[in-house]
Amino acid sequence: MEKMKSLIEKLEKERMLSKGEFLTLLTTISEEDTLFLRERARQTARRHFGNKIYTRGLIEFTNYCKNDCYYCGIRRSNRNVERYRLTKEQIMDCCGQGHGLGFRTFVLQGGEDGTYSDEDIVDLIHRIKADYPDCAITLSIGEKSYESYLKYYQAGADRYLLRHETANEDHYRRLHPENLSLKQRKQCLKNLKEIGFQVGAGFMVGSPYQTTEHLIEDLFFIKELDPEMVGIGPFLPHHETPFAEENKGTMEQTLLFISILRLMLPNALIPSTTALGTVNPLGREQGILSGANVVMPNLSPTIVRKNYELYDNKICTGDEAAECRFCLDGRMKKIGYELAVDRGDYQKAEQHIKKQIY
Ligand code: 5AD
Ligand code: FES
């Protein structure tokens with residue numbers, strides 16, 4: 001349909017649409033126009049990143065969490081998960097293995113586990129930076145005070161992932177218990193930005209009670225925040241949560257949002273997530289072909305992998321770090337891309353343009 005094509009072209013050119021236009025796009029796009037949108041998004045990523053895919057080594061260092069989010073498999077109320085914490089030495093071992101495999105970013109992710117003090121986190125950052133000065137550190141450890149975030153940043157952490165999950169108040173309430181608030185979440189993201197982190201927001205696609213209007217609010221929130229990274233993936237139920245019987249999000253809808261986000265934020269770092277690879281065996285490849293430019297294979301020791309199940313049937317829980325790295329290498333090559341041995345920092349638009357001129 002010509003009208004839809006011009007809407008997609010407008011999104012590409014202006015990097016935003018009105019609420020009404022997004023609604024039209026999301027509710028009436030045909031299969032053919034979806035292919036056109038994905039193609040535009042893929043070309044946009046190509047212009048900025050060539051055929052290089054950035055990799056991040058994910059270290060899930062604790063599955064203890066004080067929160068009780070209704071969707072999450074490691075929520076506090078789940079008594080049927082074996083809890084673990086990696087020691088600093090184990091974490092350093094993961095980094096060592098990862099460095100040998102070509103990772104130049106380590107993502108330290110965990111539940112909100114009060115056992116690690118700010119000093120522990122700072123010490124960990126110091127150690128990793130001392131041993132691997134050529135690497136970036138990304139933290140993904142939830143909501144903390146401004147002062148804590150500042151300490152991490154001053155210790156040398158480069159990036160911070162904190163998905164906002166949904167930008168709509170009512171929807172946020174339906175996904176989280178009373179003690180968590182969207183206002184607080186947004187404040188954390190603002191603080192992280194102000195401090196100077198490269199910041200990652202994001203949301204689940206197809207989470208319970210989500211409407212198209214909510215998703216449009218997510219797009220508006222992201223436009224306003226202007227994050228360096230955006231992580232999205234399909235919602236997938238976990239059998240030990242209140243959402244055990246809810247429907248999954250789909251690969252198709254997730255790909256659609258990856259493409260829209262790529263056109264909105266042409267130089268953003270957008271991962272093709274493990275959840276996408278879980279909902280479909282070729283999901284991560286499709287994510288790249290829809291405009292994503294990052295993959296985040298797991299570096300956690302195999303013995304703890306299956307205990308970090310945020311949702312059921314998570315892929316790669318039985319595979320060694322090296323296996324995942326080589327598997328992804330092959331998967332990316334098959335679709336014409338290559339994993340980069342690079343920190344893969346966010347680059348402002350001007351730097352990109354310069355690169356293209358010289
Ligand atoms: N399905 C999909 N994604 C989930 N996450 C947590 N639980 C689920 C689930 N059941 C996502 C959240 C969180 C990130 C670490 O994982 O968006 O921010
Ligand atoms: Fe882990 Fe393929 S990426 S086995």
Side-chain angles (χ1 to χ4, degrees), residues 53 55-58 60-63 65 67-75 78 81 101 103 107-112 138-143 160-167 171-172 175-176 180 185 188-189 200-208 210 218 229-251 253-254 257 271-279 281-285 287-288 295-300 302 305 308-334 339:
I53 300 297
T55 59
R56 283 64 168 103
L58 182 61
E60 298 157 335
F61 69 98
T62 171
N63 71 348
C65 191
N67 291 332
D68 218 15
C69 308
Y70 303 145
Y71 46 83
C72 184
I74 61 167
R75 64 199 299 268
N78 182 5
V81 56
L101 291 167
F103 293 104
V107 182
L108 298 178
Q109 185 171 87
E112 292 197 13
T138 304
L139 297 177
S140 179
I141 53 177
E143 296 181 14
Y160 205 103
L161 303 177
L162 185 74
R163 291 190 182 177
H164 64 283
E165 313 297 356
T166 173
H171 190 217
Y172 199 89
L175 302 181
H176 303 95
L180 295 174
R185 196 83 175 171
C188 285
L189 284 163
F203 55 92
M204 290 176 287
V205 177
S207 61
Q210 186 178 59
D218 287 319
M229 307 171 277
V230 188
I232 66 167
F235 161 76
L236 298 167
H238 185 285
H239 63 283
E240 292 283 353
T241 66
F243 291 161
E245 305 301 327
E246 299 288 338
N247 292 327
K248 313 179 188 181
T250 65
M251 174 173 81
Q253 208 189 9
T254 307
F257 277 91
S272 197
T273 55
T274 305
L276 194 52
T278 299
V279 79
L282 293 175
R284 285 170 301 174
E285 287 86 334
I288 298 299
V295 290
M296 300 172 64
N298 206 314
L299 282 181
S300 315
T302 326
R305 291 262 185 110
Y308 205 89
E309 275 204 329
L310 308 182
Y311 43 80
D312 289 336
N313 307 315
K314 187 176 166 201
I315 54 169
C316 298
T317 55
D319 301 283
E320 296 289 343
E323 289 178 73
C324 281
R325 160 76 207 209
F326 295 125
C327 168
L328 272 174
D329 237 345
R331 285 171 179 263
M332 293 300 120
K333 282 213 177 89
K334 250 191 188 149
L339 297 183

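The model shown is predicted, which means the values in this text are computed figures rather than measured ones. When a ligand or atom number is given, it counts from 1 through the structure's own listing order.
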Identity and separation of the nearest protein heavy atom to [atom]:
{"atom": "atom 3 (S) of ligand 2", "result": "Arg284 NH1, 3.2 Å"}
{"atom": "atom 15 (C) of ligand 1", "result": "Leu310 CD1, 3.8 Å"}
{"atom": "atom 7 (N) of ligand 1", "result": "Tyr71 CD1, 3.3 Å"}

Among Leu236, Ile232, Val205, Thr241, which one puts a heavy atom closest to atom 10 (N) of ligand 1?
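Among Leu236, Ile232, Val205, Thr241, the closest heavy atom to atom 10 (N) of ligand 1 belongs to Leu236.
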
As a check for students: among Asn298, Ile315, Asp319, identify the option with a heavy atom nearest to atom 4 (S) of ligand 2.
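Answer by nearest heavy atom: Asp319.
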
To check you understand the geometry: which heavy-atom pair defines the closest contact between [X] and [Y], and what is its length?
{"X": "Pro281", "Y": "Arg331", "value": "O-NH1, 3.1 Å"}
{"X": "Met296", "Y": "Thr274", "value": "O-OG1, 4.3 Å"}
{"X": "Leu162", "Y": "Leu189", "value": "O-CD2, 3.4 Å"}
{"X": "Ile141", "Y": "Tyr160", "value": "CG1-OH, 3.1 Å"}

Start with the C-alpha gap between His238 and Asn78, add the side-chain angles, then the distance that decides, and say whether side-chain hydrogen bond (donor to acceptor under 3.5 Å, both in side chains) holds.
CA-CA 10 Å; His238 185 285; Asn78 182 5; 4.5 Å; no

Are any N, O or S atoms from Cys327 nearer to atom 2 (Fe) of ligand 2 than 2.8 Å?
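Looking at Cys327, which is the residue asked about, there is an N, O or S atom under 2.8 Å from atom 2 (Fe) of ligand 2.
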
Does any N or O atom in Gln109 lie less than 3.5 angstrom from one in ligand 1, N or O only?
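In fact, backbone or side chain, Gln109 has no N or O that close.
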
Any N/O of Arg163 closer than 3.5 Å to an N/O of ligand 1?
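The answer is yes, given that Arg163 and ligand 1 share an N or O pair closer than 3.5 Å.
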
Output the list of atoms in ligand 2 that are nearer than 4.0 Å to some heavy atom of [X], sorted by atom number.
{"X": "Cys324", "value": "1 (Fe), 3 (S), 4 (S)"}
{"X": "Cys316", "value": "1 (Fe), 3 (S), 4 (S)"}
{"X": "Leu328", "value": "3 (S)"}

Presence of salt bridge, Glu165 and Arg185, under 4.0 angstrom:
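Salt bridge: yes.
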
One thing to verify: whether Glu60 and Lys314 come together as a salt bridge, which I'm taking to mean a side-chain N less than 4.0 angstrom from a carboxylate O.
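Answer for the salt bridge query: yes.
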
For ligand 1, is Pro234 a contact, meaning one of its heavy atoms is under 4.0 Å away?
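Per 4.0 Å heavy-atom rule, Pro234 contacts ligand 1.
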
Where ligand 1 meets Glu165 - atom numbers and elements under 4.0 angstrom, heavy-atom basis:
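Those of ligand 1 that fall under 4.0 Å from Glu165 are 12 (C), 13 (C), 17 (O), 18 (O).
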
With heavy atoms of Met204 as the reference, note each atom of ligand 1 found under 4.0 Å away.
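Per the distance check, 2 (C), 3 (N), 4 (C), 5 (N), 8 (C), 17 (O).
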
Given ring-ring contact (aromatic ring centres under 6.0 Å, His included), test Tyr71 with His176 step by step and report yes or no.
CA-CA 8 Å; Tyr71 46 83; His176 303 95; 5.3 Å; yes

Looking at Asp319, is its backbone amide N or carbonyl O close enough to the side chain of Glu323 to form a donor-acceptor pair, meaning the two atoms are under 3.5 Å apart?
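Such a contact is absent between Glu323 side chain and Asp319 backbone.
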
